[in-house]
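The block underneath contains the structure these notes are about, expressed in C-alpha cells.
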Amino acid sequence: MRIGIFDSGMGGLSVLHEAISKLPDQEYYFYADTKHVPYGLKSEEEIKGYVDEIVRFLLDKKVDAIVIACNTATSVAVADMRKKYDLPILGMEPAVKPAVEAAKGDERILVMATPVTLREEKLAKLLSRVDVKHRVDLLDMPKLVSFAEAENFDSDEVRDYLKERFGRFDTTKYSALVLGCTHFNYFKPLYKEYLGENISLMDGNQGTIRHLADVLGLEIKSDTKLQLKFNQPQDVVVEGRITYYDSGDEITDNERLSKYMRMLNRLEFVRNI
Ligand code: DGL
C-alpha cells in the first residue's frame, strides 16, 4: 500500500518511524512542509491552506491513505479534509485519555502542545470528555519545534527553556507527560531529568499507526529493529520504500537525506524512553 505521511517539519518523522517499524513492507511518501514550519504559531486559515495543498500533492502520488503527523494541522484541518477528499485521512490526538485512565489518587497530567493545538476546540472537547476529575494542566512549548528542526536536542539553551517552562508547575505531582506535538519526541531524555524517572511519556504515535493498520487491513509486525545508515535512506526499511519531500521538492541530495537519517537515528535512540 502507498501511505502519505506529512507534518510541518521533522516532527512527522516520529510517526514515520513508528510506521516503518510496525508496517515495514509498505511504500511511504513523507512530506515535511519546511517552508512553512512552524504551524503552531500561524493562523487557522494559513494552516488549512498548507494542509489542503499537501493533501492534493499526496493524492497525485496515488496514496491509499494519509496520516496528518501533526497535532496542530489535525486540530485545525482534519474535519475539513475528510469532508473534501475520499480516502482515509488519519490524524494525531494527544494521548490524554490513556494518561488520565492510568492516573491514581491525586496524580496530575501535563499536556504539552503548540499554542494553536491548545486553543483549538478539538482539545477542549477531548478534555471535557475524558478529564472528568480535572487532573490535566496545559503547557505550550513552541520553541521546542525550532530546536528540533535545528537538531538542537540537548544544549544549555534547550535545558534553560525546559527548566523555565516546567518551573511554573509543581513537578512532583505529575504521573504523565503527554507529548501533544510530534516534534516533542526528540527531547524525551530531558523530560525525565526535569520531571523524574518515573514520569510516563505518552505520545499518540502507536495509537495512530494501530489505527492506520486497522483502516488498511494490514498486520502490525512486532517492532522491526531499524538499520539506519547515513546516506542510504532506503536501508531504513527492509522491503518497503520511502520518498521524502521538502515542501513538495523531492529530496535526493545526500546533505538533506543525511539530516533525515540523523533524525530517524535520534528517534530510534529515544524510542523506549
Ligand atoms: N509537529 C507539529 C505538531 O504535532 C507542529 C509543529 C509546528 O509546526 O508548530 O503539532
Side-chain angles (χ1 to χ4, degrees), residues 4-19 30-55 58 66-79 81 89-96 99 110-124 126-127 138-153 158 161-162 165 177-188 191 201-209 211-212 244-248 259-260 263-264 266-267 270:
I5 298 184
F6 76 88
D7 180 33
S8 60
M10 298 298 114
L13 285 176
S14 66
V15 182
L16 176 72
H17 181 266
E18 178 68 16
F30 180 79
Y31 188 121
D33 195 9
T34 47
K35 251 193 217 158
H36 301 121
V37 68
Y39 283 1
L41 299 170
K42 299 235 164 37
S43 73
E44 270 197 28
E45 284 320 301
E46 281 173 296
I47 298 167
K48 279 186 185 170
Y50 302 145
V51 169
D52 197 33
E53 199 180 318
I54 300 168
V55 169
L58 292 171
I66 291 177
V67 180
I68 305 183
C70 174
N71 291 266
T72 309
T74 302
S75 309
V76 171
V78 72
M81 293 302 110
I89 300 182
L90 289 85
M92 302 300 298
E93 181 171 271
V96 180
L110 191 56
V111 176
M112 306 196 298
T114 66
V116 169
T117 302
L118 293 183
R119 69 168 184 256
E120 282 295 312
E121 205 188 330
K122 203 166 190 309
L123 181 64
L126 175 67
L127 290 176
L138 304 174
L139 177 61
D140 64 331
M141 284 280 201
K143 277 198 186 171
L144 288 187
V145 175
S146 41
F147 289 144
E149 291 293 318
E151 299 177 73
N152 183 1
F153 304 130
V158 176
Y161 181 62
L162 289 178
R165 302 304 283 166
L177 177 68
V178 175
L179 311 184
C181 167
T182 49
H183 279 78
F184 295 171
N185 287 281
Y186 294 100
F187 307 94
K188 281 177 169 181
Y191 305 141
L201 304 179
M202 310 189 88
D203 64 61
N205 291 356
Q206 292 188 9
T208 297
I209 297 308
H211 187 196
L212 177 69
Y244 298 96
Y245 299 94
D246 197 346
S247 293
K259 176 173 181 180
Y260 279 61
M263 302 300 273
L264 286 165
R266 171 78 184 175
L267 292 162
V270 301

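One is the number of the first residue; the rest follow in order along the sequence. Every number for a ligand or one of its atoms is a count from 1 in the order of the listing.
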Please check: side-chain N/O of Tyr245 versus main-chain N/O of Leu58, any donor-acceptor pairing under 3.5 Å? no
Could you tell me how the ring of Tyr260 sits relative to the ring of Phe30: parallel (under 30°), tilted (30 to 60°) or perpendicular (over 60°)? perpendicular
Where do Thr114 and Cys181 come nearest, in terms of heavy atoms and distance? CG2-SG, 4.0 Å
As a test of reading the model: which N/O atoms of the protein lie under 3.5 Å from N/O atoms of ligand 1, and at what distance?
unit_1   : atom_1 : unit_2 : atom_2 : d
ligand 1 : 1 (N)  : Asp7   : OD1    : 3.1
ligand 1 : 1 (N)  : Asp7   : OD2    : 3.4
ligand 1 : 1 (N)  : Thr182 : OG1    : 2.9
ligand 1 : 1 (N)  : His183 : ND1    : 2.7
ligand 1 : 4 (O)  : Asn71  : N      : 2.8
ligand 1 : 4 (O)  : Asn71  : ND2    : 3.3
ligand 1 : 4 (O)  : Thr182 : N      : 2.9
ligand 1 : 4 (O)  : Thr182 : OG1    : 3.2
ligand 1 : 8 (O)  : Ser8   : OG     : 2.6
ligand 1 : 8 (O)  : Tyr39  : N      : 2.6
ligand 1 : 9 (O)  : Tyr39  : N      : 3.3
ligand 1 : 9 (O)  : Gly40  : N      : 2.7
ligand 1 : 10 (O) : Asn71  : N      : 3.4
ligand 1 : 10 (O) : Thr72  : N      : 3.0
ligand 1 : 10 (O) : Thr72  : OG1    : 2.5

Could you tell me which non-hydrogen atom of Leu123 sits nearest to which non-hydrogen atom of Thr117, and how far apart they are? CB-O, 3.7 Å
Closest approach of Asn185 and Ser14, non-hydrogen atoms and distance? ND2-OG, 3.2 Å
Closest approach of Pro115 to Gly40 (non-hydrogen atoms, all atoms of both residues): CD-O, 3.5 Å
